[in-house]
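Dropping the structure in here first, questions after.
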Amino acid sequence: MASSDPSVMIDLNGVRFSYADRPILQGIDLTIKKGEIVAIMGGSGGGKTTLLGLMAGRLKPSSGSVTLDGFDVPHLGKKDLYALRRRIGMLFQFGALFTDLTVFDNVAFPYREQTDLPEAMIQALVLMKLEAVGLRGAHRLMPSELSGGMARRVALARAVALDPALMLYDEPFTGLDPISVGIIGRLIKRLNRALGMTSIIVTHDLNETLRLADRVIVLSGGKVHRDMAPDEIRETEDPFIRQFADGLPDGPVPFHYPAEDYLTELMGS
Amino acid sequence: MNRSRFDIAVGFFVALGLLAMVFMALKVGNLASFDNGTGYALEAHFDNIGGLKVRAPVKSAGVVVGRVESVGLDQDTYEAVVRLRIYPNFRFSKDTIGSILTSGLLGEQYVGLEPGGDPVYLGNGDRLGKTQSAMILEKLISQFLFSKAAETPAKVP
Amino acid sequence: MTGRMAAILESLGHLLTGRLDRLGLAARFAGALVLVLWMSIRRTSLIIRELYFSGVRSLSIIAVSGLFVGMVLAVQGYEVLQRYGSTESLGVIVALSLVRELGPVVTALLFAGRASSAVTAEIGLMRATEQLAAMDMMAVDPLSRVIAPRFLAAIVSMPLLAAIFSVAGIIGAWIIGVQLIGIDDGAFWSQMQASVDVRIDVLDGLLKSIVFGTAVGLISVFEGYFAAPTAEGIASATTRTVVISSLSVLMLDLVLTVMMFRGLS
């Protein structure tokens, strides 16, 4: 069942997942090759973040298989899973920096926990990573002293500390000003090319995504709705994607929450 | 942040806590009475020990000279067997009398030792030759009542 | 009428099964925690950090409370003892109440309010801001890196703080009884020493506070770890930590006291 193709990073096959009785994913088939930048888009609560959780082994699918670099993720023991995760980096929605550690110590965390490198070497590595995101000068600050965009960049430096083969980005642009969005987008692309890693970006920021991604996957109703190149998205006539791209209030995704007839409710029964 | 600051503060805290424990052991409690192993054992048989408890004091002339180590029952004679642990610096003659006394009217019960004049001293594991049991209030009262009853024959109604 | 009874019974049953579910969750959580415990014991620097936040930061409130409780006990005790003309027993009464009961119990209650609530809020916040998830993604087990050191710190802090509380209380009683009222200094201490047994009273008191530390520590990390990741969720988890810790301490105290007195006779 594990795909033997060495060029494949992730292979999802018929993945279903539900929280309690609420189905989130209803049969996802998806293959992502090594070195790709893939954006996953879809409405809020559409299971995008759940998909990342499944790939990283934080969640287990109710059925279907998740294969990451040849490993059967849902059936790995804790030890093997942690060994696999050393090669995965994840950027969380709001950075998830450790609030009780300085910027420096945050980026040093993976080295101190996962390696036996001497402190002098760690210091050099941390400053290098911080330099890459342009925040070497801020290494003494606490996370509470950083702006949202800076915190996201520090978190990015921390996520790529161990040079992962796969980077997962959970809503990396949410809540940032346009300049920070541009900076983060550029960094994602640069890190991807420089380190030759695979990147999966969950987002609903369409503009930045189209500039960044090699492939865009649109989720709808717990399934892969479309899988296409960025250029195709701009031209497609697909009503769901048009609604999404143009920010139309009503369309395949209804404006109104399901309700009984307006007039009937107003007049009373 | 500063690791050595944590270390110093925590070191101070742990030292203070341990100091408090030592204070409780030595100044509040008396660790000297905790020496179960030292000293020597004596054995005394009583008809009745009343309310004597393990770890009750053993006193001679009012001075604490040991503790009650264990209380048991001799299955043949149905006597109470009390083992006493006497502190090593006290010696008692062979004809010492052991008795169970009460401090005050309702106080705790203890074992009193009254030495005689024998030049030979009691050694480890020796048994006290003479003992006097605890005074049981109910027995005293019933004795008193019975003797009263004997003096004045009951009237026939 | 019967419908209403049924509804009441149903909601009662619902409440009970909810509680039992939570108890089962706590038991599984405790089991998982025990499995990683020995691994985190070796990370002394992490435990020292938590000892600082739980223990050192609680030091002043514990010492001052102990002092005042001891003083109050001395005033109250003196009032009663002088009726029987045995005021020199004040030391005994104060020391026994502190060492056996008030030291461990009041310390645990204060600890729940001061340190454990903060631990719950901290862990809850770390969860809400995905710090625990980030750690997990960096292949570092939050259970052994974050949870276990806080749990261990509670177990270690509690007996130390309880001892400090008791000693502060005895000193407070000494200030009132000997310095202000004028009870004989020698009688105060010697009576105390004659009646307080190291094994029965002092060690039992310390044993109690270790049990309390385990219970309060477990409750605080459990409530934090499973707090709903919202502001209200963390606030109510913090409240639950204080309420459940206090009730557990008082309940455990009864059980332990009965067990200890039974073992005595």
Side-chain angles (χ1 to χ4, degrees), chain B residues 1-38 49-59 62-72 85 87 103-110, chain C residues 44-59 62-63 66 84 86 91-92 94-96 98-99 103 107 153 156-171 173-174 188-203 205-206 209 264-265:
Chain B
M1 284 163 271
N2 199 340
R3 255 191 70 184
S4 63
R5 208 193 68 197
F6 283 142
D7 288 353
I8 291 168
V10 170
F12 170 76
F13 164 57
V14 173
L16 196 69
L18 291 178
L19 208 68
M21 288 181 187
V22 171
F23 182 88
M24 288 208 288
L26 296 180
K27 186 81 180 165
V28 177
N30 196 348
L31 200 64
S33 66
F34 189 45
D35 46 6
N36 275 343
T38 64
I49 60 165
L52 189 73
K53 293 268 171 16
V54 172
R55 300 197 60 75
V58 179
K59 294 183 186 181
V63 178
V64 177
V65 296
R67 296 270 166 195
V68 172
E69 194 172 66
S70 68
V71 174
R85 173 69 52 177
Y87 299 148
S103 52
L105 188 60
L106 298 166
E108 60 166 356
Q109 288 189 302
Y110 64 94
Chain C
T44 43
S45 67
L46 292 178
I47 299 173
I48 284 174
R49 210 190 94 90
E50 298 313 322
L51 278 175
Y52 178 81
F53 286 112
S54 293
V56 176
R57 291 282 187 85
S58 307
L59 203 52
I62 293 289
Y84 305 100
S86 48
V92 182
V94 171
L96 283 181
L98 280 170
V99 169
T107 302
V156 175
S157 294
M158 200 67 96
L160 295 171
L161 288 171
I164 291 167
F165 183 97
S166 297
V167 169
I170 289 163
I171 291 170
W174 178 80
F188 181 86
W189 291 111
S190 66
Q191 289 248 350
M192 196 191 299
Q193 286 178 2
S195 303
V196 178
D197 187 277
V198 170
R199 194 184 50 189
I200 294 170
D201 303 316
V202 177
L203 283 189
L206 289 180
S209 59
L264 205 65
S265 55

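Naming: A, B, ... by sequence-line order, numbering from 1 per chain. Below, all heavy atoms of this structure are taken into account, side chains as well, without hydrogens, waters or symmetry copies. Quantities reported herein were computed from a predicted structural model and do not represent experimental measurements.
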Open item on the list: Is any side-chain heavy atom of Val202(C) closer than 4.5 Å to one of Val28(B)?
Closed with: no
Task: Counterpart residues, side chain to side chain contact (heavy atoms under 4.5 Å, CB included), relative to Val10(B) (two or more places apart) - done: Val14(B), Ile48(C), Leu51(C), Tyr52(C), Val56(C)
Task: Partners meeting side chain to side chain contact (heavy atoms under 4.5 Å, CB included) with Val71(B) (sequence neighbours left out) - done: Ile49(B), Val54(B), Val68(B)
TODO: Over all heavy atoms of both residues, which pair between Gly17(B) and Ala163(C) is shortest? Give the atoms and the distance, please.
DONE: O-CB, 4.0 Å
Task: Segment of Thr44(C) engaging chain B (4.5 angstrom heavy-atom cut-off) - done: neither
Open item on the list: If I compare all heavy atoms of Met24(B) with all of Val167(C), which pair ends up nearest, and what's the gap?
Closed with: CG-CG2, 3.8 Å
- [ ] Select one option (side chain, backbone, both, neither) describing which atoms of Ile170(C) are under 4.5 Å from chain B's heavy atoms.
- [x] side chain
TODO: Run the numbers on Gln193(C) and Leu26(B) for side chain to side chain contact (heavy atoms under 4.5 Å, CB included), then give the verdict.
DONE: CA-CA 8 Å; Gln193(C) 286 178 2; Leu26(B) 296 180; over 6 Å; no
- [ ] Can you measure from CZ (Phe13(B)) to CG (Leu59(C)) and round to the nearest 0.5 angstrom?
- [x] 6.5 Å
Task: Leu206(C) versus chain B, the contacting section by heavy-atom distance below 4.5 Å - done: side chain
Task: Under 4.5 Å from any heavy atom of chain C - which part of Leu19(B) - done: neither
- [ ] Among Gly205(C), Ser157(C), Ala95(C), single out the residue with the greatest number of heavy-atom pairs under 4.5 Å to chain B.
- [x] Ser157(C)
